[in-house]
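Accompanying notes for the structure given below.
These numbers were taken from a predicted model, which means no experiment stands behind them. Residues take their numbers from the sequence shown, with the count starting at 1.
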Amino acid sequence: MPPKTDPRDWERLFERRQRRRGPLSAIITAFIGGMIILGLIGLTPFVIDQIETNRAITRQTQIALQTREARATAQQMATQSAAPTATATLEPTATVPPTATPEPIIGRAQVINGGNIRREPRVAPETVIGQVCVGDRVVLLEERTFGNNNRWYAVRVVETAGNCVPQRVSTGTEGWVSATLLSPPER
């Protein structure tokens, strides 16, 4: 059996294997470190550009998804509002059948707050026809007041301004709008 190695022998054996670093090693290390730092600085504009591009793509994707959701909601609302209309025509009602729309007798107004245009002058989900947007011009056909200055106008949309929501109504649509959505009437 070989004799056991003394711990001092291990130190002597490994002492020869340790390399001593000189000034050339320090210069090479500094050069490599500097190149890495310069490379990172050079890549920074590219990385920032990629981040901005990804943000823009994400923003466009979110807008597209919101638009699809809004269209789906509009179609669902149209389907839901069509069902009560079909059932309402089957049941006898106390309403007067539609007649020719009279010419404007009150005046004209502009929509100053976007909101719902309705079949009847009351707030209920089943009465919603669609949306009027800020800037739309309407002709006032009739005025009704309920309770404490709760005023409603029968209107006909004569001009639309932009496309604010998918559920917006088109020119020629008639319905009821709360006075809070309109500017003061112009004679």
Side-chain angles (χ1 to χ4, degrees), residues 48-187:
I48 290 173
D49 185 49
Q50 288 297 317
I51 290 171
E52 290 299 320
T53 302
N54 287 341
R55 283 184 185 163
I57 291 170
T58 303
R59 194 174 311 119
Q60 290 171 353
T61 304
Q62 288 174 344
I63 290 170
L65 288 174
Q66 289 172 350
T67 303
R68 283 187 201 139
E69 289 173 0
R71 286 182 185 154
T73 303
Q75 289 174 350
Q76 185 179 20
M77 287 178 60
T79 304
Q80 290 174 353
S81 66
T85 304
T87 58
T89 56
L90 296 176
E91 298 174 6
T93 60
T95 60
V96 178
T99 59
T101 305
E103 287 303 313
I105 56 173
I106 297 177
R108 299 178 178 276
Q110 184 171 349
V111 177
I112 56 173
N113 294 315
N116 292 327
I117 184 168
R118 300 176 179 277
R119 288 185 189 90
E120 304 172 26
R122 68 182 179 95
V123 177
E126 64 272 6
T127 63
V128 175
I129 296 172
Q131 297 275 318
V132 289
C133 299
V134 175
D136 288 357
R137 307 243 349 129
V138 296
V139 178
L140 306 175
L141 306 172
E142 184 182 340
E143 178 181 2
R144 289 189 190 169
T145 304
F146 301 96
N148 297 333
N149 285 336
N150 188 5
R151 220 173 11 182
W152 288 80
Y153 288 104
V155 299
R156 180 187 316 128
V157 179
V158 292
E159 183 182 329
T160 58
N163 193 8
C164 63
V165 293
Q167 302 89 355
R168 79 157 307 122
V169 294
S170 59
T171 303
T173 304
E174 294 183 7
W176 290 88
V177 175
S178 172
T180 59
L181 303 180
L182 303 174
S183 65
E186 303 166 2
R187 305 277 173 203

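Of the possible donor and acceptor atoms, one in the side chain of Asn113 sits under 3.5 Å from a partner among the backbone N and O of Thr180.
Of all the heavy atoms in Gly114 and Leu181, the pair that sits closest is O-CD2, 3.8 Å. Of all heavy-atom pairs spanning Leu140 and Pro185, the tightest one is CD1-CB, 3.5 Å.
By the 4.5 Å heavy-atom criterion applied to side chains, Arg108 and Val158 are counted as neighbours. Annotation: side chain of Val111 is in contact with side chain of Leu182 (closest heavy-atom distance under 4.5 Å).
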Next item on the list: Could you walk me through whether Arg118 and Val123 pass the side-chain contact (heavy atoms from CB on, under 4.5 Å) test, one step at a time?
Entry: CA-CA 8 Å; Arg118 300 176 179 277; Val123 177; 3.7 Å; yes
Next item on the list: For Arg137 and Glu186, run salt bridge (Lys or Arg N to Asp or Glu O under 4.0 Å): C-alpha distance rounded to whole Å, both residues' side-chain angles, the deciding distance at 0.1 Å, then the answer.
Entry: CA-CA 11 Å; Arg137 307 243 349 129; Glu186 303 166 2; 3.3 Å; yes
Margin query: Pair Arg122, Trp176 - check side-chain contact (heavy atoms from CB on, under 4.5 Å), show working.
Written below: CA-CA 8 Å; Arg122 68 182 179 95; Trp176 290 88; over 6 Å; no
Next item on the list: Determine, step by step, whether Val138 and Arg156 satisfy the side-chain contact (heavy atoms from CB on, under 4.5 Å) criterion, reporting the C-alpha distance in whole Å, the side-chain angles of both residues, the deciding distance to 0.1 Å, and the verdict.
Entry: CA-CA 5 Å; Val138 296; Arg156 180 187 316 128; over 6 Å; no
Notebook entry, point to check: Would Cys133 and Thr160 satisfy side-chain contact (heavy atoms from CB on, under 4.5 Å), going step by step from the backbone distance to the final call?
Noted result: CA-CA 8 Å; Cys133 299; Thr160 58; over 6 Å; no
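Side chains of Gln131 and Asn116: a donor on one and an acceptor on the other come within 3.5 Å.
Atoms CG and CG, on Asn54 and Asp49 in that order, are 9.5 Å from each other to the nearest 0.5 Å. With rounding to the nearest 0.5 Å, the separation of CD1 in Ile51 from OG1 in Thr58 is 11.5 Å. Separating the CD1 atom in Ile48 from the OG1 atom in Thr53 is a distance of 11.5 Å, to the nearest 0.5 Å. Put simply, CD on Glu143 and OG1 on Thr145 are 5.0 Å apart, with the number rounded to the nearest 0.5 Å. Atoms CD1 and CG, from Ile106 and Leu141 in turn, are 7.5 Å apart once rounded to the nearest 0.5 Å. Taken to the nearest 0.5 Å, the CD atom of Glu120 stands 7.5 Å off from the CD atom of Glu126.
Take Thr173 and apply the side-chain hydrogen bond (donor to acceptor under 3.5 Å, both in side chains) test, not counting sequence neighbours, and it matches no residue.
Arg168 pairs in a side chain to side chain contact (heavy atoms under 4.5 Å, CB included) with only one of the listed residues (Ile117, Val157, Asp136, Val132), which is Asp136.
For CZ of Arg151, the number of neighbouring non-hydrogen atoms (other residues, nucleotides, ligands) closer than 6.0 Å is 12 at most.
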